[in-house]
Amino acid sequence: MKERLSKIKESFLLFAKGLRERSTSALEAELKELENAFALILLGALTGMPAPPSYLGIKLLPFLEREIRIMICRSESLGDIFADWFDILDFG
Amino acid sequence: MNSTVLIAVGVLLYVILYHTYGRYLRKEVVRESDAEVPSKRLYDGVDFVPANRYVLFGHHFASVAGAAPIVGPAIALAWGWLPALLWVWLGNIFIGAVHDYLSLMSSVRYDGHSVQWIAGKVIKKRTGYVFAWFIFFVLILVVAAFGAVLGKLYVKQPAVPTAYIFKIFSAFFLGYLFYKVKMDFRLATVIGIVLLILSIILGEKLPLSASYKTWMVIFFIYIIVAASIPVHVLLQPRDYLNAWLLVGGLVIGGVSMLLAFSSVKIPAVTVYSAPIIAGKATPFWPVIPLIVACGSLSGFHAIVASGTTSKQISSERDGLFIGYGGMLTEGFLSTIVVVAISTYGLSVLSPEKTALLTSGAADFAKNYIGAAKSVGGPIGIFSKSYAEVANAVLHLPKGFLVILASMWVASFAMTTLDTTNRLARYTFAEIFEPLKEKSRGMYDFLTNRWVASTVPAAIGIGLAWSGAWTMLWPAFGGANQMLASIALMTGAAWVIRVQKSKGMNVLIPALFLWVTVSLAMVWYLFVAVPTFYAKDPVKAIVLAVMVVIMLALNVLLIYDYFKPEKELEAQLEAEKV
Amino acid sequence: MKKLFFFLGKGGVGKTTLAGSFAAYLANNSHKVFLASIDPAHNLFDFFGMEPGKKGPVKLSEGLTVEEFDIDSYLKKFLKESSRKMKKTYHYLQMINLENMFDVLKHSPGMEEYAMLAALQELLDAWESGVDYMIIDTPPTGLMLKIFFIPNTTLLWIGKLKELRLKILERRSQIAHIKGKDEFEEGVPLDVSDDVIFKELQAQEELSKKLSKMFADTEICKKVLVLNYDELSIKEGLKIINDLSTINVSVDLAVLNKKGMSDAAANNEKLKGLLKKISGLTRIEIPFYREQVTPRNKMKEIAKMFATELL
């Protein structure tokens, strides 16, 4: 019985988690794009952009791990991102 | 025939076949394994992040659920409840759910790439480009179809637009509470739900009557504006409220239907060729997939499945549950719609209309669409039937329920309208890619944000202006199913050429689908469009052009499928060794 | 009052000589002077007859300290420090061939100006209380103009970066509020108060504002434009005046150096026309000396001429 109850509790928690996602998924997508842009502006050279890295970019480099990671991931998946947006923007 | 029996049969069918046919698919076709999935192997904390299977199921389901699984079956009832249900059940189990499952799994095996990308790999390079064209047409036609259906609904049920407007403001306010004020999540949620309920009540009190054409203009403006506002202002909070509407609608509807125990009052089968599209005799086969899409088979599901879902799945073992199971669940939703209207549909109509429908199967077929129109089209007849059931079982006020159900469907449909606009911006860049080299100026102009936004909205609303949703809905269905065709062929190509496993289970439905949709579109072009031409020559020509292009691309698709590039074959051979 | 002097002009017009003379004169008149060259092609030590290549400030006399600022090593030092910081901070970002990347950076266009500006900033920051006057010998026109312009263009750019950064932080905190703080890894800032990057951007902005203000301040910052009696140098001088005026920086003194070097020039009508264009500026004319000008001879005469105008 206890196991049953805990399973039900778990499923409710998961359900709640899913709902929370529903209130942030587009925001998260937007955030990643903002971070990607920020890194690109300062350090686009890392992904092959012809612009040389800026002085400021190098200076801030130690603190931009997350942004750079996102930038590199984005640059790798750039060829096939369309499908993701059908989900994020909720076509259905 | 009893409603509960029907639902029970549906559920049983789904559950049994999920376990039997599903198991077969996992083992023999997909050859499911414990191989590391992209979310783990390619984990990057950005896009590739493993998710719990139940959360992912909910996420995936909410993404694919929309207005179409409700609208389609409501129209298909013209053929009687049996054909509609058979398609929702068997079409889903053997074609639709397979399509979703395979799109998901092939994407998982291809590092999370989209089915469009995979099509380019396993069929032919240009297949990915063909994909983009089908998406383009879907985007235009869905605006036309949803716009028209919503317009008719708003005219007949003026409480709904009011409720929706209040809902938008609730969304604005909820966004403000969530993101600016940063109110406690649960508290804000409660406020949001209360506001939703208030919107419905206010809708009832302050109906907004306007002409159909006025609504078309409003939709056009709405689409452009809503697609230009930052996502945290409207899109995100609205998405959230929609999730609650879905939950609420499903729970109330599901419970009511399960406990309804009432008898079905409409004919099981009417005539083979009921006059549905443009009033012409519409043969059940091949046209049914054009009418009932999402409940049974829908192309854009493949895109969603191969989008974020495949990048977040934690194990191949979850694939059947999420991909196949998700689609079956949507089928269940459509089942409920069919049964609800079958049992209570007649009681929401005026006595005159009811008389027209009860004087025999042929008469039913002849007058069903007209009767539905009298209460607001497919959404109208659904929401009213829904209200009858829920009122009968749960004793909630009918007026409230009608608006709730209508709002539920309308919310999803309205969301699609402006989402489509955003997606169109990207689609334009995809389809006009070849222009980039040849005519840069033209390319820049066409892919300009405002052009890419306005053109599909304008064409879509322009078509919807005619009000002929019986013409427009199948056009949208056709485009969507062409998409499904490509996806399913891609799945088949993957299974046969790459997996080298039992591909017939995929190829046969794929070919069947291809033949069906092609024939349906040909029928549409030669029978329905000319009728439309008499009323609206310009729009008919626009539709005709789109259909012709789609058919041509469809032929190209099958040709490319059977004659893969030599290099592609060699490459696949090399990869598999 | 403390004053900063910039000696500007085309290459070869005599900036180093004049700057050096002026510095020596002031030092001899009981002032404390710091003379620095940020021109990559220094000749400051040559002028004072010192061994070239000495790094860091060199005290020549009680009141005079001279430094040839080594931009190259400044840049190297900066990049090395950045590289060290990065290696310490990054966990799982694969940054292979780090040094190679930085080699490329060292030569990338645009870094020199920033390095020079940073060097200038360092100089100004290190302006000790004891020093009354700072004199800067500048690199040739193009580079120097860029340095003057950088603070302004940087301000716009930093403004946009700040905007973007704030948006990022806002989005993060909104998401964290709903999904919980664990949504983001440790060390990822959610608020302006813990964002090193925003602070850095603000610091850069402050710096740029400060520099921009200082350059435009006619009381504290005097700009001496050195010209020769020839078309090219005067034309370039005019360009300098024009360009600087767009950022509210004005030239305070024009020095026509090496007058009489070419007899032909004296009667050149075109030249006279050009000179008319700078007639509004205070002008000093310095004759051409056949012998080499060193700190010992002629300097007093030359420097005296400046002092009266500039102080």
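These numbers were taken from a predicted model, which means no experiment stands behind them.
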Could you tabulate the donor-acceptor pairs under 3.5 Å formed by side-chain atoms of residues 173-182 of chain B, not counting sequence neighbours?
unit_1   : atom_1 : unit_2   : atom_2 : d
B/Tyr179 : OH     : A/Ser23  : O      : 2.6
B/Lys180 : NZ     : C/Glu170 : OE2    : 3.4
B/Lys182 : NZ     : C/Ser173 : OG     : 2.8

Any idea which of A/Glu28, A/Glu21, A/Glu30, A/Lys32 has the most non-hydrogen atom pairs under 4.5 angstrom with chain B? A/Lys32
Quick one: what part of [X] sits under 4.5 Å from any heavy atom of chain A, side chain, backbone, both or neither?
X: B/Asp239; value: both
X: B/Thr427; value: both
X: B/Leu417; value: neither
X: B/Ala62; value: both
X: B/Val115; value: neither

Which members of residues 9-17 of chain A, sorted by number, sit under 4.5 angstrom from chain B on a heavy-atom basis? A/Leu14, A/Phe15, A/Lys17
Between [X] and [Y] (side chain of the first, backbone of the second, donor and acceptor by atom type, cut-off under 3.5 Å), is there such a pair?
X: B/Gln236; Y: B/Pro230; answer: no
X: A/Asn36; Y: A/Glu67; answer: no
X: B/Thr416; Y: A/Phe91; answer: yes
X: B/Asn480; Y: B/Leu483; answer: no

B/Tyr54, OH: over 12 other non-hydrogen atoms inside 6.0 angstrom: no
With sequence neighbours excluded, residues passing ring-ring contact (aromatic ring centres under 6.0 Å, His included) with B/Phe131: none
Gap separating the SG atom of A/Cys73 from the CD atom of A/Glu35, nearest 0.5 angstrom: 11.5 Å
Hey, could you give me each pair passing salt bridge (Lys or Arg N to Asp or Glu O under 4.0 Å) that has a residue in residues 409-431 of chain B? Not counting sequence neighbours. B/Arg238-B/Asp418
If I measure from the heavy atoms of chain B, does A/Arg74 come under 4.5 Å with its side chain, its backbone, both, or neither? side chain
Heavy-atom pairs under 4.5 Å with chain A are the metric here; pick the option from [options] that has the most.
options: B/Val304, B/Val231, B/Leu235; result: B/Val231
options: B/Trp244, B/Phe57, B/Phe412; result: B/Trp244
options: B/Val64, B/Leu42, B/Leu241, B/Asn52; result: B/Asn52

Determine, using ring centers only, whether B/Tyr43 and B/Phe48 are less than 6.0 Å apart. no
Note: B/Lys311-B/Asp111 ion pair, threshold 4.0 Å (strictly below): no
